[in-house]
Amino acid sequence: MGLDERIVTLFKRNAHHTLTYWSVFFSFGLCIAFLGPTILDLQCQTDSTLGQITWVFFAQQFCLLIGSSIAGIFKKTALAALFVCTLTISLIFAIIPLCNNVLVLAIAMALSGFAMGIIDTIANIQLVTIYQRDSAVFLQALHFFIGLGALVSPLIADPFLSETGCGNHTGNGSEIMHHFRNMLRHSPIAEHNINQTYLPHGGGEVESNVHSAFWIMAVINLPVPIAVLFLMYCEQLIPCCPKGPPRLLDKDELAMEDQQEAACSDVDLKEHETGGHGNIFSCCQNGNLRGLPVSFFMVHILGGLVLFMTDGIVGTYAGFVYTYGVAPPISLPNKMAGYLASIFWAAITAGRLLSIPLSYRFQPVKLLIFNLAGAIVTVLMLLIFYTSSTFLFVGTCLCGLFLSSIFPCMLAYTEDILDYQGCATPVLVTCAGMGEMVMQVLVGSIIPTLGSYSFLLCGMIIACTGFIFFIGLLLFHRMHRNYLTGTTKKSAMVEEPATEHNGSAIPEINGSAITEINGSAITEINGSAITEINGSAITEINGSAITGQKNEAESS
């Protein structure tokens with residue numbers, strides 16, 4: 001109960017910041033899942049081939065990865081970076097309907113992806129920095145909002161999508177169309193048939209209203225940069241408005257906390273400036289890394305590899321579950337198979353919501369073990385009952401539930417191991433994005449050769465590999481903990497002779513008395529310094545040896 005009250009108190013103190021970051025991630029989820037279902041209409045708009053339009057989406061995903069990698073350089077101007085990125089996303093969505101050339105569209109998508117990558121890393125870093133050891137709960141809520149946005153965004157796009165594209169098409173491209181619609185965060189929208197060659201033009205075109213969907217999305221996203229700007233105003237970070245309201249707390253509370261926590265804040269600031277949460281490249285150039293043990297680096301590497309695999313499963317499953325569902329032996333109708341991705345994203349959203357209270361009661365490492373084991377068992381059951389369409393829906397739901405909270409749990413667990421002083425957040429975010437992109441390409445190249453059954457087989461291999469990496473992470477966690485314990489013991493042994501050097505009077509003062517005298521007073525206890533201790537101070541020191549030393553000092 002005390003833990004609950006403490007976390008509620010922390011949330012109340014940082015509610016403005018936290019709600020702003022949650023809204024940013026809701027917008028991030030809306031944007032990242034919104035683009036997928038519009039690929040057919042964008043192909044018609046730009047008069048491009050399927051190959052060309054999919055490279056446009058790859059440009060967005062690649063720039064998202066770059067943005068995630070270098071976002072740490074904006075740690076000192078995090079709110080300003082969030083404001084620019086969220087405003088950029090709104091502007092990009094407003095101008096996408098005006099992009100009639102595939103190259104211009106690719107540039108717009110790349111800019112939006114870069115902004116999304118910066119948002120992804122900064123929001124995670126800021127919450128970890130604010131809540132530290134209590135960040136698991138708030139990270140779960142953060143990633144719930146991205147799942148909620150990814151679930152809601154297709155509902156906005158669906159009424160404006162054309163049913164047949166720019167002309168009549170064959171039904172053979174339906175599976176390929178769904179795959180590419182889901183390659184960038186895998187929208188749960190029913191499929192639209194498309195040809196793999198140039199779309200026919202001229203007569204027979206069907207009018208598309210997708211531009212209205214993009215403009216609605218721009219308007220929906222616009223309150224987010226306004227919220228970030230208001231937070232900057234409250235934090236007095238706007239140059240033209242230096243005199244804003246008091247920052248988060250009123251003046252009296254600020255004055256009291258400034259006196260009590262000034263020293264601690266200075267130490268924390270120095271730690272974040274020297275080592276802290278930066279981008280991957282700045283972490284590699286940090287001179288402080290030279291004296292660190294191998295376990296420090298292996299925690300980063302293995303934590304990143306676990307997320308590389310698990311986020312790879314998320315991307316692969318959401319991208320190819322429709323293809324698996326419509327293929328033999330399942331052979332679901334196209335419309336029914338289209339619900340599989342919707343169920344998967346709904347399960348991820350529900351799982352992240354469920355993980356918020358679970359984070360109160362269980363440590364992140366226990367949740368990780370449960371979720372990884374559950375994902376492996378679920379994929380194994382899907383392999384065994386590969387002919388059952390009913391279990392495909394059940395397994396999709398279970399798979400989404402187990403995979404939903406792995407990323408926030410891993411982020412909280414790894415940062416806790418490294419005492420919130422390393423570069424874990426940008427490393428993990430980058431590895432997760434890279435795994436999602438690479439695994440989709442890898443599995444997508446295997447399925448046409450080995451058949452749809454290889455989809456589940458690849459998922460099983462990836463899940464088991466991720467669990468092996470997690471076991472390695474547990475072992476290196478133990479090694480790193482032993483290293484930290486040994487370092488603490490060495491520092492204690494070095495400090496112990498220093499306390500004995502001050503004279504025989506110190507061993508004669510019991511433990512409670514030492515805590516009542518500051519460091520400088522203890523060093524001055526021998527010699528004439530005894531006469532400087534007033535009567536009240538002497539009564540607080542237990543032991544006749546002290547008064548005897550005082551008499552000797554007075555007689556001398």
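This structure is a prediction, so every number in the text was calculated from the model and none was measured.
Between H17 and Y21, the ring planes lie tilted relative to each other; the angle falls in the 30° to 60° range.
Judged by distance alone, with hydrogens and angles left aside, the side-chain atoms of Q45 form a donor-acceptor pair with the main-chain N or O of C99 at under 3.5 Å. With S135 contributing its side chain and Y131 its backbone, the two residues share no donor-acceptor pair below 3.5 Å. Of the possible donor and acceptor atoms, none in the side chain of T414 sits under 3.5 Å from a partner among the backbone N and O of L411.
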Donor-acceptor pairs are to be reported for all side-chain atoms of residues 364-374 against protein atoms at under 3.5 Å, with residues two or more places apart or in another chain.
unit_1 : atom_1 : unit_2 : atom_2 : d
N371   : ND2    : L367   : O      : 3.1
N371   : ND2    : S405   : OG     : 2.8

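Taking CG of D134 as the start and CG of L127 as the end, the distance is 12.0 Å to the nearest 0.5 Å. Atom CG in L98 sits 10.0 Å away from atom NE2 in H211 (nearest 0.5 Å). For the atom pair CG (L354) and CG (L358), the distance works out to 4.5 Å, reported to the nearest 0.5 Å.
Heavy-atom contacts from other residues, nucleotides or ligands closer than 6.0 Å to CZ of F362 number 12 or fewer.
For F476 and H480, the distance between ring centers is not under 6.0 angstrom.
The one candidate from V429, L428, T430, I70 that meets the side chain to side chain contact (heavy atoms under 4.5 Å, CB included) condition with T121 is V429. A ring-ring contact (aromatic ring centres under 6.0 Å, His included) with F145 holds for exactly one of F25, W22, F138; it is W22.
For F344, the ring-ring contact (aromatic ring centres under 6.0 Å, His included) partners at least two apart in sequence or on another chain are Y317.
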